[in-house]
A.B. asks: 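Okay, here's the structure, questions in a sec.
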Protein chains: 2
Amino acid sequence: MESRINRIKKQLHSRKYKLTPQREATVRVLLENEEDHLSAEDVYLLVKDKAPEIGLATVYRTLELLSELKVVDKINFGDGVSRYDLRQEGATHFHHHLVCIECGAVDEIQEDLLGDVEKVVERNWHFKIKDHRLTFHGICHRCVSKHAEVEQKEHNISR
Amino acid sequence: MESRINRIKKQLHSRKYKLTPQREATVRVLLENEEDHLSAEDVYLLVKDKAPEIGLATVYRTLELLSELKVVDKINFGDGVSRYDLRQEGATHFHHHLVCIECGAVDEIQEDLLGDVEKVVERNWHFKIKDHRLTFHGICHRCVSKHAEVEQKEHNISR
DNA sequence: TTTTAAATTATAATTATTCTAATTTGACAC
DNA sequence: GTGTCAAATTAGAATAATTATAATTTAAAA
């Protein structure tokens, strides 16, 4: 964790930005909640525990800065809120998401599934791809197996 | 166009909704601007020409209703605005987008590029896919060729 | 035509995000 | 260590997008 923060600090410095306490607290919150998909408000509330004097505007500015540096990616899942997701260190592309329309869970796919598709797009549409957003909407593995259980029960009853 | 509206009317009726003049005007605007990616506000302004008494809230409600019916898809390209995009009749999935980071243009890809990827996701993640959102961010063919022109000019000068 | 649930309007309220102006601070030069 | 100053922060106001409310109107079935 410390080394990760140090590397982000260096990234900031190389672009003449400072790692202020507020920024550091924000980064720590993101690292500690790596698997979540926090909104600016969520981050703000969590950062307040570490640095109670921080303002919401600072959180927004910090998240925007981290987006610029490609430390986080900003994404919108269709509710009206932007969410911020840590990018894996060294990853050149944003990872993919599975959004469950039943329970609302958001799972991640770190594998790059789009290599072939991107080749086709670059060749056929003459479009130079810099990044992508890929989200699947459907039913997550937990809800799918919940359905299976229910069906099993119904089957038992009808015997 | 009329037949398309009639089919949408039937879709509404089959779910016990009415095709009010406001809704019809909204659908017409969407059909007339099929290649654009209009925000609710954009739609509102265009509908006002046809039906000046319409309110913005009605446009929002209508667009939400059309989303439910899968006549349009709601999408967000990262500016804070939701945009509404007509789905091709009979298409089971939303089409893909190319967003140019230089000129802001949004182009569409109607081809289904994700067939194979979706099979992999369903098999490996046990996720039942219902829909998807795929957007590429990069440089559109127009801007790419603009770059090429500039390079050509620079080359000519340096001769 | 009448009836009635559904839809609309105008406006207020809410929510997310950005801006502003005054103040504070991190980091470098001395 | 101290002074300096651009960069960053804060609090709060402003803006923009979207949704809710309550009174009124209307599409369409009987």
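Convention: sequence-line order gives letters A, B, ...; per-chain numbering from 1.
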A.B. asks: Got a donor-acceptor contact below 3.5 angstrom from the B:E122 side chain to the B:I129 backbone?
C.D. replies: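 Yes; judged by distance alone, with no hydrogens or angles, the pair exists.
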A.B. asks: Can you measure A:L12 atom CG to C:dT25 atom P for me and round it to whole angstrom units?
C.D. replies: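 Spelled out: CG on A:L12 to P on C:dT25 is 20 Å.
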A.B. asks: May I ask you to check whether A:H95 and A:H93 place their ring centers less than 6.0 Å from one another?
C.D. replies: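 So the answer is no for these two rings.
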A.B. asks: Any chance you could list the contact pattern along nucleotides 15-30 of chain D? Use B for base contacts, S for sugar-phosphate-only contacts and - for none, protein heavy atoms under 4.0 Å, 5' to 3'.
C.D. replies: --SBBB------BS--
A.B. asks: Check B:N76 against B:V81 and note the closest heavy-atom contact, atom names and distance.
C.D. replies: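 Closest approach of B:N76 to B:V81: ND2-O, 3.5 Å.
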A.B. asks: Which heavy atom of B:F94 sits nearest to which heavy atom of B:D131, and what is that distance?
C.D. replies: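 Here B:F94 and B:D131 meet closest at N-OD1, 3.3 Å.
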A.B. asks: Can you say whether the rings of A:H132 and A:H96 are parallel (under 30°), tilted (30 to 60°) or perpendicular (over 60°)?
C.D. replies: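 Geometry flag for A:H96 against A:H132: tilted rings.
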A.B. asks: How about CG on B:D116, more than 12 heavy atoms from neighbouring residues, nucleotides or ligands closer than 6.0 Å, or not?
C.D. replies: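 12 or below, so no.
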A.B. asks: Does atom NZ of B:K50 have more than 12 heavy-atom neighbours from other groups under 6.0 Å away?
C.D. replies: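 Above 12, so yes.
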A.B. asks: Nearest-Å distance, CG (B:D79) to P (C:dT18)?
C.D. replies: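 Answer to the nearest Å: 11 Å.
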A.B. asks: Take atom CD of A:E24 and atom P of C:dG26, then tell me their distance rounded to the nearest Å.
C.D. replies: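 Interatomic distance, CD of A:E24 to P of C:dG26: 12 Å.
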A.B. asks: Rounding to an integer number of Å, can you tell me how far A:I75 CD1 sits from C:dA16 C1'?
C.D. replies: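 The distance from CD1 of A:I75 to C1' of C:dA16 comes to 18 Å, rounded to the nearest Å.
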A.B. asks: What is the separation between atom CG on B:L63 and atom P on C:dT8, rounded to the nearest whole Å?
C.D. replies: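 Nearest whole value for this atom pair: 12 Å.
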A.B. asks: To the nearest Å, how far apart are A:E53 CD and D:dA8 P?
C.D. replies: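 My rounded result for the distance is 17 Å.
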A.B. asks: Roughly how many Å is it from CG in A:L65 to C1' in D:dA7, rounded to a whole number?
C.D. replies: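 Nearest whole value for this atom pair: 12 Å.
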A.B. asks: Which atom pairs, donor and acceptor, lie under 3.5 Å between side-chain atoms of residues 54-67 of chain B and protein residues at least two apart or in another chain?
C.D. replies:
residue, atom, partner, partner atom, Å
B:T58, OG1, B:R61, NH2, 3.0
B:T62, OG1, B:T58, O, 2.8
B:S67, OG, B:L63, O, 3.2

A.B. asks: Could you tell me, to 10°, how much the axis swings from one end of the helix from C:dT1-D:dA30 to C:dC30-D:dG1 to the other, five pairs per end?
C.D. replies: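 Comparing the axis at each end, I get an angle of 30°.
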